[in-house]
Amino acid sequence: MTVLEVKNLKVYFFSERGTVKAVDDITFDLQRGEILGLAGESGCGKSTTAYALLNILPEPGRIVDGSVVLDGEDLTQKSPIELQKIRWEEISMIFQNPRSVLNPVLRVGDQIVETIMLHEDTTPNEAWKLMEELLEVVGIDPAFAINYPHEFTAGMTQRIMIALALVANPKILIADEPTAALDITVAVQLLQLLKNLQEYLRLSIILITNDLATIAEACDRVAIMYAGQIVELADVKTIFKDQLHPYTEGLIRSIPSLLGSEELVFIPGSPPDLLTPPSGCRFHPRCPIATTLCYKTQPKYREIKKRHFIACHHADQLWRKNVWK
Ligand SMILES: Nc1ncnc2c1ncn2[C@@H]1O[C@H](COP(=O)(O)OP(=O)(O)OP(=O)(O)O)[C@@H](O)[C@H]1O
Ligand SMILES: [Mg+2]
């Protein structure tokens, strides 16, 4: 069952330097109870996509086209007040920098209780009980509720952020780089928590990361972004084993731990400045199989096999397999 449908979404930053096409025509859906990864190099538009879903874009960002449909309603058409309600009760988000969200001089339990009381019609006692339950759900002993933010490790802080995000029982959780600041073992535990929430609460999760190991560990499907666009989207197994986009293949083969005996690949160049993205396919200047067509015409994002979407002119040509020799 589809819970969220994003269609032809465009988000531009109208900065003094010019128009930054940070998200330029992306389409994807989110299914009930799945973890969808959003992956790609720094600056490719992952966070901007997340902010756009909730219409909380920083200035000078604007949604210039497209729709974000939740339960038959287009969120891009909602007022800020309507969105505020949706933001906790339907879609909740945890941010890249969790410590900036918590107030350092208030006890963590009190902060969660305060948030609960803003959103739910409860007495302080009921809210305190609910807060303790939420802490248990995210694997924190409720006895820690009386502690202050600085007394928690980075991993525990992320768990508190997840508890906070769950106060109004949302259907969708967006997690922006939730494991970026964590040690590997703590990161793996946090991903396990997300998977448990997915399973037991039937939560749909959008997991943003530039780490493919995180994708492999936690996601059901993944959208690979490049320079403001989705270049490939499929289930995780297909992305790792039968990917069709040269960029996806390059990304996967650039990570030693994900490789078998294959040779390590280095993608030349760097992602483009989104003020002046390349013509045609945005990846063409770095692509080993680019042709004149790629330079001239933007490839259409299309469903090449069932539930496997791609934007590459050469995706259905068998000779292009293993392009990074
Ligand atoms: N407030 C802003 N004003 C102008 N441009 C912005 C602003 N915020 C983001 N951008 C631009 O939008 C593009 C996408 O940025 P975004 O933060 O969404 O990338 P990201 O994929 O989340 O990167 P990271 O992995 O580093 O978090 C970048 O080119 C960035 O420079
Ligand atoms: Mg980001």
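We count ligands from 1, going down the list as the structure has it; atoms in each ligand are counted the same way. The shown structure was predicted, so the numbers you read here are calculated from the model rather than taken from an experiment.
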In residues 106-118, what donor-acceptor pairs under 3.5 Å come from side-chain atoms, sequence neighbours left out?
| unit_1 | atom_1 | unit_2 | atom_2 | d |
| --- | --- | --- | --- | --- |
| Arg107 | NE | Asp110 | OD2 | 3.0 |
| Arg107 | NH2 | Asp110 | OD2 | 3.3 |
| Gln111 | OE1 | Asn103 | N | 2.8 |
| Gln111 | NE2 | Asn103 | O | 2.7 |
| Gln111 | NE2 | Leu106 | O | 2.9 |
| Thr115 | OG1 | Gln111 | O | 2.8 |

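Contact check for Leu166 versus Leu203: side-chain heavy atoms found under the 4.5 Å cut-off. Here the side chains of Asp24 and Tyr12 are in contact, with some heavy-atom distance below 4.5 Å. Using a 4.5 Å heavy-atom threshold, the side chains of Gln243 and Ile310 count as separate. Gln229 is listed as a side-chain neighbour of Gln298, based on a closest heavy-atom distance under 4.5 Å.
Annotation: atom 10 (N) of ligand 1 to nearest protein heavy atom, Phe13 CE1, 3.5 Å. Among all non-hydrogen protein atoms, the one lying nearest atom 31 (O) of ligand 1 is Val20 CG1, 4.9 Å. Distance from atom 14 (C) of ligand 1 to its nearest protein heavy atom, with residue and atom name: Gly43 O, 3.4 Å. For atom 27 (O) of ligand 1, the closest heavy atom belonging to the protein is Gln96 NE2, 3.2 Å. Among all non-hydrogen protein atoms, the one lying nearest atom 25 (O) of ligand 1 is Lys46 NZ, 2.8 Å.
The distance from atom CG of Leu207 to atom CD of Glu177, rounded to the nearest 0.5 Å, is 8.5 Å. To the nearest 0.5 Å, the span separating CG on Asn210 from CE on Met225 amounts to 13.0 Å. In this structure, OG1 in Thr248 is found 9.0 Å from CG in Leu212, a value given to the nearest 0.5 Å. The CG atom of Leu53 sits 11.0 Å away from atom OG1 of Thr76, with the distance rounded to the nearest 0.5 Å.
No N or O atom of Pro58 sits closer than 3.5 Å to an N or O atom of ligand 1. Residue contacts with ligand 1: Ser42 is placed with a nitrogen or oxygen under 3.5 Å of a nitrogen or oxygen of the ligand (distance criterion only).
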Legend entry - Stepwise salt bridge (charged side-chain N to carboxylate O under 4.0 Å, His left out) test for Arg286 and Glu41: CA-CA 14 Å; Arg286 304 173 75 188; Glu41 285 164 290; 3.4 Å; yes
Inset, instruction - For Asp71 and Lys171, run salt bridge (charged side-chain N to carboxylate O under 4.0 Å, His left out): C-alpha distance rounded to whole Å, both residues' side-chain angles, the deciding distance at 0.1 Å, then the answer. - result: CA-CA 11 Å; Asp71 291 335; Lys171 289 194 198 77; 3.2 Å; yes
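For ligand 1, the atoms closer than 4.0 angstrom to any heavy atom of Ser47 are 17 (O), 18 (O), 20 (P), 22 (O), 27 (O). Residue Glu59 has at least one heavy-atom neighbour below 4.0 Å for each of these atoms of ligand 1: 1 (N). Atoms of ligand 1 lying under 4.0 Å from at least one heavy atom of Thr48, given by number and element, are 14 (C), 15 (O), 16 (P), 18 (O). Ligand 1 places these atoms under 4.0 Å from at least one heavy atom of Glu177: 25 (O). Every atom of ligand 1 is numbered from 1 in the order shown, and the set under 4.0 Å from a heavy atom of Pro60 is 3 (N).
Nearest-heavy-atom check against atom 12 (O) of ligand 1 across Pro272, Ala22, Ala227, Gly228 picks out Ala22. Of the listed options Thr49, Asp273, Leu274, Leu274 places a heavy atom closest to atom 29 (O) of ligand 1.
Between the side chains of Ser67 and Asp74, no donor N or O sits under 3.5 Å from an acceptor N or O.
At least one protein heavy atom sits closer than 4.0 Å to atom 21 (O) of ligand 1.
Of the charged side-chain nitrogens involved, none lies within less than 4.0 Å of a carboxylate oxygen, so that Arg307 and Glu303 do not count as a salt-bridged pair.
If you count the protein N, O or S atoms nearer to the Mg ion (ligand 2) than 2.8 Å, you get 1.
The number of heavy atoms from other shown groups lying within 6.0 Å of CD (Glu132) is above 12.
No heavy atom of Met225 sits closer than 4.0 Å to any atom of ligand 1. Heavy atoms of Gly45 come nearer than 4.0 angstrom to ligand 1 in at least one pair.
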